[in-house]
There are 2 protein chains.
Amino acid sequence: MKATIYDIAKEAGVSIATVSKVLNGKGKISAETSKAIYAIMERLNYQPSVIATALTGKKTYTLGLLIPDISNPFFSEVARAIEDQGEHLGYSVIMCSTDNKDEKVERYISLLQQKQVDGIIIATGIDNKDIVEQLLAKGIPVVLLARDMPLIAVNTVVVDDYVGGCLAASHLIGLGHRKLAVIGEKDSVRSSRERIRGFRQTMEDHGIALQEGFLKTCDYKVADGKKKALELLQSEDSPSAIFACNDMLAVGALQAARAVGKKVPNDLSIVSFDNTLLSEVADPPLTTLAQPIEHMGKLVVNMIVEELHGSNKVKQRTVLRPELIIRGSTAAMIRS
Amino acid sequence: MKATIYDIAKEAGVSIATVSKVLNGKGKISAETSKAIYAIMERLNYQPSVIATALTGKKTYTLGLLIPDISNPFFSEVARAIEDQGEHLGYSVIMCSTDNKDEKVERYISLLQQKQVDGIIIATGIDNKDIVEQLLAKGIPVVLLARDMPLIAVNTVVVDDYVGGCLAASHLIGLGHRKLAVIGEKDSVRSSRERIRGFRQTMEDHGIALQEGFLKTCDYKVADGKKKALELLQSEDSPSAIFACNDMLAVGALQAARAVGKKVPNDLSIVSFDNTLLSEVADPPLTTLAQPIEHMGKLVVNMIVEELHGSNKVKQRTVLRPELIIRGSTAAMIRS
DNA sequence: TTGAAAGCGCTACCAC
DNA sequence: GTGGTAGCGCTTTCAA
């Protein structure tokens, strides 16, 4: 069987209390005892049981990560960033793909509580704010990532979606485009809504109105984007540029353009959002608003860990600025 | 505080033993007591502590998943499949991205043991077989996924890489190609090696030799594939078809072709392996050997759970057949 | 059908 | 400096 603290104690001829102390660097222990105990632990290949430690009211060193779908590139990149920082600070992470279904969210949250995770990172859409509030009420550290609920006092890390939308519009307008269309996620997705709001506002600031019918919303997958882009491109009065609210939708738009024989970027410019692997891999590579994914991951686990340590009492909302990465999917409007 | 078994017992006027029994459906408990206790648990919103249960020598209902990198589409899709089946059977999964570094593998494995996970799914490259053998020796259920170590008695789920390579070659040869090149992962990656072996064998069966210099190996990323493909395409005697051992490499090859002005599939055919999101999203979409990812995920967690239950004593190695999905990256050789 | 009590491996408080 | 011991929340004999 695995060695326990008793085995170590017996072997060293001391009490388990002493072993526990050297293990945690607490109390006063003579250097010799300490050294001897370490040696024995090494020899017996002793590994303290996180389970037992946790039961004693301490931490499990485990975090829960709620995301819509780990197989979606944006979220798998986010997950990687979180995992890395978690590992760095000694935490492991349990992944929970919710498909944005409140029912799955609730199931997973209940599970995570039973497992006594030290904190929960929520990067999934949640319709029911009560879910988060209940967690908070129970004193379970929660951080929202890439989603926010301004009315709730909870730590949050988001990218400035509104500004992202503005930047997308500025870029396109700067290139001479006037007939701009938008493909976003359905209206319930706040981030998408904000991106669109920024986009539209900037258009208006330039005296351009977002045409009736040039705003399409749908689910977040490639196929959805393709379908909506097709609608846009097949109408007789079609846009010269499209702002797609994420990389998957943009790839869909790319496919649609190809399907109707339009060249990107010459016949059609596309601006995307996220800067996942997809935007590099697409042909042409996508001009996109980069979310600082790694930084977001770091921040979010730092926040949750600080909350665990009792520091950082005041709730904060960190807004990161997206950065426009210009690649090959946008070009100056050719005067006709 | 959270309700414990004591709270329930007190409230119901019974002992904790009784509560424990109804909780686990063990022993004989009168229907009434049982019903009453359920009611109270409901009312107090009682959730048994997995931690405490685990300490009593039971299971943690947690699995460890070792993969090279969760942000790699193939593995994020695998992870999703595993998560789903895990959830279905009541297990959560801790993700561990190892970057194929034995050092990280060891760190994670040690961590998983401290957390007393019920089993470990290994889908990452491991140079040191001892690591797996030690796990096995400790009686920790292990299943290998997409990697194998034939010499070790361990449950394994793999795709038939050799056959995949054969199918790729047959397809290309059937299209009239004779000058075939291969881009694979470095030789230490067994799956890639097997794919190449199958490919080469099939070529030879058709009386074609794999030309000197037409076999390139590298890391697994897009940039690596592009670089090697460029070398291939820029030599004066360049191949008419490339077999890339995974989707990322294939995308790299696609980029290289574009860079040198070759049209895929007319000037160059590309066959890929994996059938991840990338192969659908690429332009043209990739002809690829599909790994039955969902099925693999299901199988692998079923295997580990069966092992936990003590059934399934005999070790097995399940080999799944990859399926050729023909998309737009391959075309018949144009006679010149 | 139910309950008392002995652990599971570890921490923390209080003595010595 | 070191050790005794009471839990943490739950499972599991063994008795009643």
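Just so it is clear, the model here is predicted, and its values are computed rather than measured. All chains are named by letter (A, B, ...) in the order of the sequence lines, taking the proteins before the strands, and each is independently numbered beginning at 1.
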Novice: Measure the distance from CD on A/Gln116 to C1' on D/dC8 and round it to the nearest whole Å.
Specialist: 9 Å
Novice: Nearest of D/dG1, C/dG9, D/dC10 to any side-chain atom of A/Tyr6?
Specialist: C/dG9
Novice: State plainly whether the residues B/Arg107 and B/Glu103 are in salt-bridge range, i.e. N to O under 4.0 Å.
Specialist: yes
Novice: Within this structure, what is the NZ-to-P distance between A/Lys58 and D/dG7, rounded to whole angstrom?
Specialist: 19 Å
Novice: Rounded off to whole Å, could you give me the CD1-to-P distance for the B/Ile5 and C/dA4 pair?
Specialist: 14 Å
Novice: Would you say a side-chain N or O of B/Lys2 is under 4.0 Å from OP1 or OP2 of D/dG9?
Specialist: no
Novice: Could you go through the side chain to side chain contact (heavy atoms under 4.5 Å, CB included) check for A/Ile109 and A/Ile131 one step at a time?
Specialist: CA-CA 9 Å; A/Ile109 285 186; A/Ile131 299 179; 3.3 Å; yes
Novice: Take atom CD of A/Gln47 and atom P of C/dC8, then tell me their distance rounded to the nearest Å.
Specialist: 19 Å
Novice: Please report, rounded to the nearest Å, how far the C1' atom of C/dG3 is from the NZ atom of B/Lys10.
Specialist: 17 Å
Novice: Could you give the side-chain donor-acceptor pairs of residues 65-82 of chain B under 3.5 Å, partners two or more places apart or in another chain?
Specialist:
from, atom 1, to, atom 2, distance (Å)
B/Asp69, OD1, A/Arg80, NH1, 2.9
B/Asp69, OD1, B/Ser71, N, 2.8
B/Asp69, OD1, B/Ser71, OG, 2.9
B/Asp69, OD2, B/Ser71, OG, 3.0
B/Asn72, OD1, B/Phe74, N, 2.9
B/Ser76, OG, B/Pro73, O, 3.1
B/Glu77, OE2, B/Leu277, N, 2.9
B/Arg80, NE, B/Asp84, OD1, 3.1
B/Arg80, NE, B/Asp84, OD2, 3.2
B/Arg80, NH1, A/Asp69, OD1, 2.9
B/Arg80, NH1, A/Asp99, OD1, 3.1
B/Arg80, NH2, A/Asp99, OD1, 3.3
B/Arg80, NH2, A/Asp99, OD2, 2.8
B/Arg80, NH2, B/Asp84, OD1, 3.4

Novice: Taking atom P of C/dC13 as reference, at what distance in whole Å does atom NZ of A/Lys28 sit?
Specialist: 16 Å
Novice: Are OP1 or OP2 of C/dC10 and a side-chain N or O of A/Tyr46 less than 4.0 angstrom apart?
Specialist: yes
Novice: Closer to the 5' end of DNA chain C via nearest nucleotide, is it B/Leu55 or B/Val14?
Specialist: B/Val14
Novice: Find the distance A/Ile51:CD1 to C/dC8:P and express it as a whole number of Å.
Specialist: 16 Å
Novice: Can you tell me if A/Thr56 uses its side chain to pair, donor with acceptor, with the backbone of A/Lys58 under 3.5 Å?
Specialist: no
Novice: Is any side-chain nitrogen or oxygen of B/Thr56 closer than 4.0 Å to OP1 or OP2 of C/dG7?
Specialist: no
Novice: Below 4.0 angstrom, N of the basic side chain to O of the carboxylate: do B/Glu307 and B/Lys315 qualify?
Specialist: yes
Novice: Are A/Lys138 and A/Glu133 ion-paired here, with the side-chain N under 4.0 Å from a carboxylate O?
Specialist: no
Novice: Pull out every residue in residues 17-26 of chain A that has a heavy atom closer than 4.0 Å to any atom of DNA chain D, ordered by number, or say none.
Specialist: A/Ala17, A/Thr18, A/Lys21
Novice: Looking for any heavy atom pair under 4.0 Å, which part of the strands does A/Ile16 touch: base, sugar-phosphate only, or nothing?
Specialist: base
Novice: With A/Leu144, which of A/Val154, A/Val158, A/Val300 fulfils side-chain contact (heavy atoms from CB on, under 4.5 Å)?
Specialist: A/Val154
Novice: Taking CD1 from A/Ile37 and C1' from D/dG3, how many angstroms apart are they, rounded to a whole number?
Specialist: 12 Å
